[in-house]
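All ligand and atom numbering here is 1-based and tracks the order in the structure. Remember, predicted model here, so these are calculated numbers, not experimental data. Computed over heavy atoms, backbone and side chain alike; hydrogens, waters and symmetry mates excluded.
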Amino acid sequence: MKYDIKDASLAPQGTKRIEWADRDMPVLSLVRERFAREKPLDGRKMSACLHITAETANLARTLKAGGADLVLCASNPLSTQDDVAAGLSIEYDIPVFAVRGEDRDTYYSHIEAAIAHRPSITMDDGADLVNVLHSKYPERAGEITASLEETTTGVIRLRAMAQAGALLFPVVAVNDATTKHLFDNRYGTGQSTIDGIIRATDALLAGKKFVISGYGWCGRGVATRARGMGAVVIITEVDPLRALEAAMDGFLVMPMKEAAAQGDIFVTVTGDMHIIREEHFRAMKDGAVVANSGHFNVEIDIEGLERIADEKNADIKELVDEYIIDGRRIYILGEGRLINLAAAHGHPASVMDMSFATQALVSEYAIQNSDILEPRVYDVPRSIEEWISRLKLESMGISIDTLTPEQEKYLSSYDMGT
Ligand code: ADE
């Protein structure tokens with residue numbers, strides 16, 4: 001099969017959407033222009049397991065402009081934009097294997113299709129492609145120059161694999177680049193999570209008790225946006241430093257057991273499993289709304305909820321399932337899958353601009369350094385990060401100061417002006 005998409009007739013609509021996003025991705029456009037001239041990825045086979053969105057499409061166009069022979073598959077069954085998948089496969093001739101709402105078997109058959117492409121560079125958002133390569137095709141490891149990982153959850157897993165000596169090829173932790181997590185995780189997740197919850201529920205946030213589990217970059221982003229809309233924000237954490245930071249940022253901090261009884265809206269962004277479970281559902285108020293914005297749908301123990309619920313009414317509204325426990329209604333959004341992509345359009349293009357410019361430049365870096373890369377987790381080189389931030393500032397019409405020679409000397413001395 002050349003590609004597997006929902007409906008080829010959606011291609012013109014998808015193409016418009018891709019072009020619209022591209023207007024807000026000036027840094028990636030500059031990379032694309034250079035890649036088209038220099039062809040740094042010439043003839044390289046690449047497979048990318050990413051959310052199939054308009055922003056990802058512009059990354060794919062950039063890699064193709066650089067000479068890559070690229071296929072894409074979804075990194076989540078509910079995040080695919082079917083019109084974008086059609087636009088990419090048909091108008092841009094970049095094969096996509098992804099259909100929104102695909103079942104587990106189809107999801108994995110699409111990952112298999114990406115592996116059958118025999119890539120030398122892979123990209124992941126959650127490490128599923130790398131996992132299947134390791135578990136089913138370890139003999140192919142020698143073919144992989146490097147794999148690039150886009151998300152916190154994936155990097156945590158890959159570092160664990162490296163630590164255990166189980167990692168078979170080099171990985172670059174794109175997520176850990178400042179140009180990625182400081183902006184995408186904070187401002188991207190912050191805005192798109194609130195967007196997803198509002199689109200799914202039409203709820204007013206002002207005056208609501210909004211419980212956020214996890215105060216990493218994503219949690220910080222959601223918390224400041226929710227506060228900005230008038231919610232009373234409660235943070236739950238397991239890390240004392242992060243909990244302290246949340247408290248000093250002015251948020252209420254408490255264990256989930258307490259928060260469960262108070263919250264109107266709950267969002268998990270921890271990267272861990274069963275953050276909200278039976279004991280918490282039992283304590284919740286009538287009408288509580290529960291969503292997840294972490295990568296995998298394991299943060300909310302929906303199986304536990306199904307066990308204790310007296311009744312389930314699926315799809316009482318698009319992407320809303322109602323569960324009744326002792327007469328109290330609890331609403332689960334998007335089956336516990338990442339709500340920012342299930343109910344909204346994911347992070348805005350302007351922030352994905354930096355994440356995906358980083359991805360594109362790191363793929364070039366991996367090829368240039370293929371001789372020295374070993375099976376471990378690498379950081380993104382500082383020079384790439386600086387280049388991207390300068391160009392992003394420029395595109396925003398912002399200029400900054402430079403050090404005077406006197407200031408440079410002061411910073412490198414230990415006896416001046418003390
Ligand atoms: N992850 C979060 N938002 C995204 C988007 N718009 N495109 C691709 N991946 C994303």
Discussion item. Measuring from non-hydrogen atoms of T56 to any atom of ligand 1, is the shortest distance under 4.0 Å?
Written reply: yes
Worksheet item: Is the count of non-hydrogen atoms from other residues, nucleotides or ligands lying under 6.0 Å from K285 atom NZ greater than 12?
Response: yes
Worksheet item: So is H345 close enough to ligand 1, meaning a heavy atom under 4.0 angstrom away?
Response: yes
Practice prompt. Count the heavy atoms of every other residue, nucleotide or ligand shown that sit under 6.0 Å from CE of M254, and state whether that count exceeds 12.
Written response: yes
Worksheet item: Starting from atom 5 (C) of ligand 1, which protein heavy atom do you reach first, and at what distance in Å?
Response: T53 OG1, 3.6 Å
Worksheet item: In this structure, which one of L373, V377, T145 forms a side chain to side chain contact (heavy atoms under 4.5 Å, CB included) with P170?
Response: L373
Item to complete: Number the atoms of ligand 1 from 1 as they appear, then name those within less than 4.0 Å of a heavy atom of L341, with their elements.
Response: 1 (N), 2 (C)
Worksheet item: Centroid-to-centroid, H295 to H51, below 6.0 Å?
Response: yes
Worksheet item: So which protein heavy atom does atom 4 (C) of ligand 1 come closest to, and at what separation?
Response: H347 N, 3.7 Å
Worksheet entry | Partners passing ring pair (Phe, Tyr, Trp, His ring centres under 6.0 Å) against W217 (at least two apart in sequence or in another chain) | H181
Discussion item. Give me the nearest non-hydrogen protein atom to atom 1 (N) of ligand 1 as residue plus atom name, then the distance to 0.1 Å.
Written reply: H51 CD2, 3.6 Å
